[in-house]
Structure formats: C-alpha cells, structure tokens
Undergrad: 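Got a structure here, written out as structure tokens. Questions coming.
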Amino acid sequence: MTGASALRLGLQFAMLPILARLIGPAEYGLVALAMPFILLANVLSDGGMGYALGRQREVTRDQESTVFWLSAGIGLALTLACAAAAWPLGALMSQPRLPMLILALSPILLINSLTTVANGRIIREGRFGIFAAGDLISTGASAATALAAALAGWGAWALVAQQLVLWLCKLAWVGSRAGALPRLHYRFAEAKSLLAFGGQTIAAILADFVSRNLDSLIIGGVLGATALGYYAMAYQLVRAPDMLISGPFYLYIFTAVAKTSHNATRASLQDLAVTSLRLGAVFLAPLFVGLALVADLAVKLVLGEQWHDAIGPLRFLAAAGFFFCLCSIMATTFMGLGKTAQRLKLSILLGVVVIGAVALTVRFGLEAVSGAVAAAMALVCGIYLHTLAKDLAMPHARLLAAFGPRRSAVRRWPASSSRPARRWRRRRWSWNSC
C-alpha cells in the first residue's frame with residue numbers, strides 16, 4: 001500500500017499549486033468553509049459499522065444486508081439534514097454562496113454510507129490493496145476533473161466537482177471489488193452489537209475531527225472566506241510531512257507496542273516509547289523546521305504572489321504540525337497498549353485546548369491564531385508526555401531524553417517487534433535520504 005499511497009500523495013501535491021493559482025484564496029476558502037459540515041456528517045454516515053464488520057470473524061449475508069440498508073438510511077437522512085441546514089448555515093456565516101455549495105456536496109454522505117458493507121468485507125478479508133488502488137484511481141480521476149473545471153473558470157465549483165468524483169469513484173471501485181451485493185432483508189437486531197462498537201469508534205473520530213476542523217469554522221466565520229483560504233492552504237502544506245511517513249511509521253509503532261505489551265517487560269515498553277519518539281523527532285523535525293524556514297520562498301514560487309498572506313500562518317503552523325505528529329505517535333502507543341479510553345480523553349483535551357486558543361485569538365488576525373495553535377499544541381504535547389511517562393511508570397527525564405542526541409535510535413527497537421521492526425530498519429536509510 002505504501003507505493004500506491006506515495007503516488008496518490010505525489011499527485012495531490014502536484015495538483016495543489018496548480019489549483020491554488022487557478023482558483024485563488026477566496027474561492028478556496030469558501031469551499032474550506034463548507035467542507036467541515038460535510039466531513040462532520042460523514043463521520044456519522046455509516047454509524048461506525050464498517051470497522052465493526054471488519055473485526056467480526058464471520059458475517060452472514062443477511063447481516064450484511066441489514067447493515068447496508070441501515071447505513072444507507074443513515075446516509076440519506078444526513079444528506080437531507082445537511083441540505084435543509086444549508087441556508088441557515090449560510091446566514092450564520094454571512095456567506096450567501098455557501099448554501100449551494102453545501103447542497104451540492106451533501107450527496108457525499110449517501111455515497112459514503114453505501115460503501116459500509118464493502119469496506120467491512122475488505123477489512124475482514126485483509127485485502128487492503130483494494131483500498132490503495134481505489135484511492136489512487138479516485139484521486140487521479142478527481143484531480144483531472146478539478147483541473148478541467150478550474151481551467152473552464154468554475155472557481156469554487158471545481159473543488160466541489162473534485163469531491164463528488166472522488167467519492168463516486170471510491171464507491172464504484174470498492175463496491176465492484178468487494179462483491180457485497182445486498183439482499184432485500186432488514187432486521188435491526190442483527191446490527192445492534194455493531195452499532196455499539198461503532199459508537200465508540202465514532203466518539204474517538206469525532207474528538208479528532210473537532211481538533212482538526214472546528215478552527216476553520218471559527219476563522220471563516222470571524223475573518224471571512226479569504227482569510228480562511230490562506231489558513232487552510234497553510235494547514236494543508238503543513239500536513240505534507242506527516243502524510244509522507246505517518247502511514248508506515250504509525251503502523252510499525254502500533255504493531256511493535258502491541259506485541260511487546262504481551263511478551264516483554266515494562267522496561268522494554270519504556271525503551272520502545274523512547275525509541276518511537278526519537279525516530280519521530282529525527283525524521284520530522286528537519287522537515288517542519290525546513291518548511292518554516294523556506295515558507296516565504298515556497299509560497300511565492302509554488303502558489304504565487306496572491307497567496308502571500310499564507311506565509312505567516314505557515315511558519316507558526318509548521319511548529320504546530322511537529323507537536324501534533326508527536327501527539328499522534330504517543331496516541332498510537334496508547335492504542336498499542338490497549339488504552340483506548342486514555343487516547344480518547346487526550347484527543348478530547350487536544351480539541352478543547354486548540355479550539356479554545358483559536359476562539360480567544362481569532363480577532364487578532366491569522367498570525368495570532370496560528371501562533372496560538374502552535375502554543376496550544378506544545379502544551380498538549382507536554383500533557384501527552386506526562387501521561388505516557390506516568391502510564392509506563394518511567395521518569396519524565398528519560399522520556400524527554402528521546403529528543404536529545406543519540407547515535408542510533410534504531411538499535412534499541414526491541415526484538416519482539418519482529419517483522420515490522422526489521423522492515424523499519426531496512427527502510428530507515430531510504431526514507432532518511434528522501
């Protein structure tokens with residue numbers, strides 16, 4: 001999956017400066033203002049049942065049919081609810097063009113809900129390559145659509161078309177490859193246990209969603225769509241270093257921690273926690289520091305002079321991005337340890353602190369907001385470190401030593417991590433040279 005993911009990411013970031021120049025900050029910000037409403041509803045559109053189906057050992061066709069129709073009903077209800085709320089939201093945000101954009105984007109909720117059973121079957125069977133291929137196909141088709149629409153002068157509607165094509169391609173590909181055809185059968189009792197598990201999954205996803213998206217609504221509502229366009233573009237650029245390595249890196253951490261927690265001593269878990277943070281700092285710090293240092297040059301050359309006001313936010317958000325990645329590493333460690341409740345509490349704390357910082361500083365401008373987000377992330381990162389040290393019964397100084405100099409962090413990767421650790425060691429130098 002890593003190769004396909006790299007191709008997809010490369011295509012996305014190749015299109016980013018092109019669309020940024022063709023569409024402009026105001027139009028980009030208008031869509032960025034509409035998307036959080038859609039993304040929030042999209043979290044709820046399958047009731048979390050896709051992952052619930054994926055973890056079942058055996059699922060009957062009748063159970064899959066029940067989940068399909070229940071999920072489709074939830075998706076349709078959310079689609080209609082978003083459509084009905086479009087005009088009140090537009091009035092609340094003082095954006096007269098916003099309702100039509102939300103209305104056009106709302107079918108995504110129904111489309112996503114129709115993939116629930118197919119996603120669950122693919123996860124259960126371990127055919128993850130289907131997801132990777134589907135992401136690559138849908139990204140290519142949606143990028144071509146957006147480019148053609150932007151060249152035709154569609155403005156914000158080019159990004160709307162991009163999203164619709166993206167989700168339609170995912171539905172067509174995943175549905176055809178999974179082979180999960182529903183029957184005319186529905187019995188709610190067959191889905192009750194899946195909904196219970198899905199509720200816990202949705203709670204964690206919602207907490208993460210709040211910390212990542214509610215700031216956009218606040219900025220757009222107070223400073224306007226153009227200012228939000230600058231902020232959203234800076235945030236998207238900051239996400240690049242994390243997206244480059246997060247998939248394989250977080251997967252290896254989770255696998256290593258899960259195996260070590262069953263077969264090794266607490267000292268081994270402490271070593272693994274330190275090693276994970278050190279590896280993250282070694283690889284991510286140069287990327288984020290470099291992004292902050294070349295922010296002015298990168299924005300002017302890649303995005304153009306019209307995006308000049310994104311330079312200041314980009315510098316501050318680079319620091320926020322680094323701390324966010326460290327929090328993600330520690331959250332993955334908590335998941336590997338089986339401490340999902342701890343992870344949920346910390347995710348909620350992160351969201352509350354970040355959104356509070358944005359709300360308090362938004363009236364002072366984009367740079368003040370971005371600086372406040374960076375400070376909030378640094379504070380929350382410290383709380384994550386304190387909590388992890390406490391849970392592993394290790395001195396805080398030892399955990400903080402992960403950010404000090406060391407000749408090789410990989411040497412302390414425990415042998416109990418087995419194949420993931422060996423893969424990481426083989427790839428370490430190739431990633432470090434990228």
Side-chain angles (χ1 to χ4, degrees), residues 211 241-242 245-246 248-289 318-350 353-354 374-429 431-432:
S211 64
D242 179 35
I245 72 168
S246 61
F249 187 34
Y250 296 163
L251 175 62
Y252 294 149
I253 292 173
F254 175 81
T255 305
V257 172
K259 289 186 176 182
T260 304
S261 65
H262 293 304
N263 305 319
T265 64
R266 184 174 294 275
S268 297
L269 287 171
Q270 294 172 353
D271 289 343
L272 183 52
V274 173
T275 299
S276 301
L277 285 171
R278 181 174 287 118
L279 285 170
V282 166
F283 287 114
L284 292 169
L287 293 175
F288 283 110
V289 171
F322 175 69
F323 291 120
F324 184 86
C325 287
L326 293 181
C327 290
S328 296
I329 291 171
M330 289 182 278
T332 304
T333 302
F334 284 121
M335 289 292 290
L337 292 170
K339 297 180 178 294
T340 54
Q342 190 73 279
R343 175 182 177 267
L344 177 58
K345 291 177 183 177
L346 290 170
S347 295
I348 293 173
L349 174 66
L350 188 152
V353 173
V354 170
M377 285 305 311
L379 173 63
V380 174
C381 185
I383 296 174
Y384 267 76
L385 286 166
H386 168 75
T387 306
L388 183 59
K390 183 179 178 181
D391 280 7
L392 294 178
M394 62 187 300
H396 292 75
R398 187 181 175 197
L399 194 57
L400 290 173
F403 306 105
R406 186 187 178 119
R407 181 170 297 180
S408 175
V410 181
R411 291 180 184 175
R412 295 301 297 274
W413 197 274
S416 60
S417 61
S418 187
R419 184 168 58 182
R422 291 196 296 270
R423 287 180 180 174
W424 176 260
R425 285 192 285 265
R426 287 197 299 268
R427 295 183 185 182
R428 175 181 176 237
W429 299 111
W431 284 357
N432 199 35

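Residues: numbered from 1 along the sequence shown.
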Undergrad: Could you tell me which non-hydrogen atom of Ala376 sits nearest to which non-hydrogen atom of Val354, and how far apart they are?
TA: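 Answer, listing the atom of Ala376 first, then Val354: CB-CA, 4.2 Å.
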Undergrad: Rounded to the nearest 0.5 Å, what's the gap from CG on Leu350 to CE on Met377? Could you check?
TA: 4.5 Å
Undergrad: Got a second to check how far Leu388's CG is from Leu346's CG, nearest 0.5 Å?
TA: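 That separation rounds to 9.5 Å.
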Undergrad: Give the minimum heavy-atom separation between Pro286 and Ala281, together with the two atoms involved.
TA: CD-O, 3.8 Å
Undergrad: Which distance, rounded to the nearest 0.5 Å, do you find between the CG of Leu279 and the CD1 of Ile329?
TA: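 The CG atom of Leu279 sits 8.0 Å away from the CD1 atom of Ile329.
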Undergrad: Tell me the side chain to side chain donor-acceptor pair (under 3.5 Å) pairs involving residues 374-393, sequence neighbours left out?
TA: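 Only Gln342-Asp391, His386-His396 qualify under side chain to side chain donor-acceptor pair (under 3.5 Å).
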Undergrad: In chain order, what residues pass the side-chain contact (heavy atoms from CB on, under 4.5 Å) check against Ala319, with sequence neighbours excluded?
TA: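 side-chain contact (heavy atoms from CB on, under 4.5 Å) check on Ala319 returns Ala374.
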Undergrad: If every non-hydrogen atom of Phe323 is compared with every non-hydrogen atom of Ala378, which pair is closest and at what distance?
TA: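 Phe323 and Ala378 have their closest heavy atoms at CE1-CB, 3.6 Å.
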Undergrad: Begin with the C-alpha distance, continue with both residues' side-chain angles, and end with the deciding distance and a verdict on side-chain contact (heavy atoms from CB on, under 4.5 Å) for Met330 and Cys381.
TA: CA-CA 9 Å; Met330 289 182 278; Cys381 185; 4.0 Å; yes
Undergrad: Between Arg398 (side chain only) and Ala389 (backbone N and O only), is there a donor and an acceptor less than 3.5 Å apart?
TA: no
Undergrad: Considering only heavy atoms from C-beta outward, does the side chain of Leu337 approach that of Leu269 to under 4.5 Å?
TA: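 Side-chain contact under 4.5 Å: yes.
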Undergrad: Give, for atom CZ of Arg343 and atom OG of Ser328, the distance between the pair rounded to the nearest 0.5 Å.
TA: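 Result: 8.5 Å between the selected atoms.
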Undergrad: Considering all heavy atoms of both residues, which atom of Leu277 and which atom of Leu399 are nearest to each other, and what is their separation?
TA: CD1-CD1, 3.6 Å
Undergrad: May I have the step-by-step check of side-chain contact (heavy atoms from CB on, under 4.5 Å) for Ser276 and Leu272, ending in yes or no?
TA: CA-CA 6 Å; Ser276 301; Leu272 183 52; 4.0 Å; yes
